[in-house]
Amino acid sequence: GNSVTQMEGPVTLSEEAFLTINCTYTATGYPSLFWYVQYPGEGLQLLLKATKADDKGSNKGFEATYRKETTSFHLEKGSVQVSDSAVYFCALSTGSARQLTFGSGTQLTVLP
Amino acid sequence: SQTIHQWPATLVQPVGSPLSLECTVEGTSNPNLYWYRQAAGRGLQLLFYSVGIGQISSEVPQNLSASRPQDRQFILSSKKLLLSDSGFYLCAGKGSSYNTGELFFGEGSRLTVL
């Protein structure tokens with residue numbers, strides 16, 4: 001079956017630090033990959049996505065590259081801000097009605 | 001754009017009481033709809049999904065149930081709540097038009113069972 005393994009948190013960084021949150025996956029076929037962000041007390045928002053190997057998704061300074069050879073989709077940002085504090089979820093979809101398989105989430109706290 | 005309205009936002013209920021959470025979808029027709037639960041400090045657990053009116057698939061056996069009486073309406077219910085039902089419940093959808101599989105989410109409903 002499909003699965004997503006995500007870097008355990010919590011992660012605490014100082015403002016302007018470099019961020020990496022690791023994500024690896026197991027899937028049959030050719031999945032699409034996603035990063036979602038959840039701010040405190042809110043639902044999930046799509047942050048970025050990649051639909052095929054070597055695609056790079058990017059949004060709000062965050063980037064992730066679909067690496068088929070390492071089955072990875074690591075999230076990176078060069079300089080984090082306090083407003084980036086949230087829970088980040090890696091997810092995959094193989095297009096079935098059952099939809100997304102989520103990782104366990106990584107809590108990020110950015111200190112001023 | 002596709003949006004999900006979910007209510008109530010916050011609910012405090014005694015053990016053994018009934019539950020009804022509701023979500024409605026705008027901006028798309030014939031969506032796939034989903035209920036997830038997020039326990040404190042944990043990831044997302046898929047509870048139910050629906051591909052059409054009256055069609056419900058259950059992922060986890062439990063004392064919760066789901067119904068889809070209309071195309072854009074999805075309801076999560078329980079006849080008797082347990083303490084373990086506490087959590088953050090999220091309704092999500094996927095439009096019928098082609099996309100790459102991503103879901104759009106409601107704002108969530110926080111349930112506390114006392």
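Residue numbers start from 1 in every chain, and the chains themselves are labelled A, B, ... in the order their sequence lines are given, proteins ahead of strands.
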(message) What's the separation between atom CD in B/Gln38 and atom CZ in A/Phe102, rounded to the nearest 0.5 Å?
(response)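 CZ of A/Phe102 is found 9.5 Å from CD of B/Gln38.
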(message) If I take atom CD from residue B/Glu102 and atom CD from residue A/Gln45, how far apart are they, to the nearest 0.5 angstrom?
(response)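 It is 14.0 Å, given to the nearest 0.5 Å.
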(request) Heavy atoms only: give me the nearest B/Tyr36-A/Leu100 pair and the separation to one decimal. (result)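 Heavy atoms only, the tightest pair is OH-O, 3.8 Å.
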(request) Mind listing the closest non-hydrogen atom pair of B/Phe88 and A/Glu42 along with its distance? (result)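 Closest heavy-atom pair between B/Phe88 and A/Glu42: CE2-O, 3.4 Å.
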If Ile, Leu, Val, Met, Phe, Trp and Tyr residues are connected whenever their side-chain heavy atoms lie under 4.5 Å apart, and connections chain through other members, are [X] and [Y] in the same group?
X       : Y       : value
A/Leu13 : A/Leu47 : yes
B/Ile56 : B/Leu19 : yes
B/Leu47 : B/Phe74 : yes

(message) Please evaluate residues A/Gln38 and B/Leu90 with respect to the criterion side-chain contact (heavy atoms from CB on, under 4.5 Å), reporting the C-alpha separation (whole Å), side-chain torsions for both, the decisive distance (0.1 Å), and the verdict.
(response) CA-CA 11 Å; A/Gln38 184 182 30; B/Leu90 289 160; 4.3 Å; yes
(request) Please look at A/Gln6 and chain B and tell me whether the side chain, the backbone, both or neither of the residue comes under 4.5 angstrom of a heavy atom of that chain. (result)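 Neither; nothing under 4.5 Å.
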(request) Against chain B, label A/Leu46 side chain, backbone, both or neither, depending on which of its atoms sit under 4.5 Å from a heavy atom there. (result)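 Interface part for A/Leu46: side chain.
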Crowding at [atom1], [X] (>12 non-hydrogen neighbours, <6.0 Å):
X       : atom1 : result
A/Tyr30 : OH    : no
A/Glu69 : CD    : yes
A/Glu8  : CD    : no

(request) Can you tell which part of B/Leu103 gets under 4.5 Å to a heavy atom of chain A, answering side chain, backbone, both or neither? (result)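 For B/Leu103, backbone and side chain are both near chain A.
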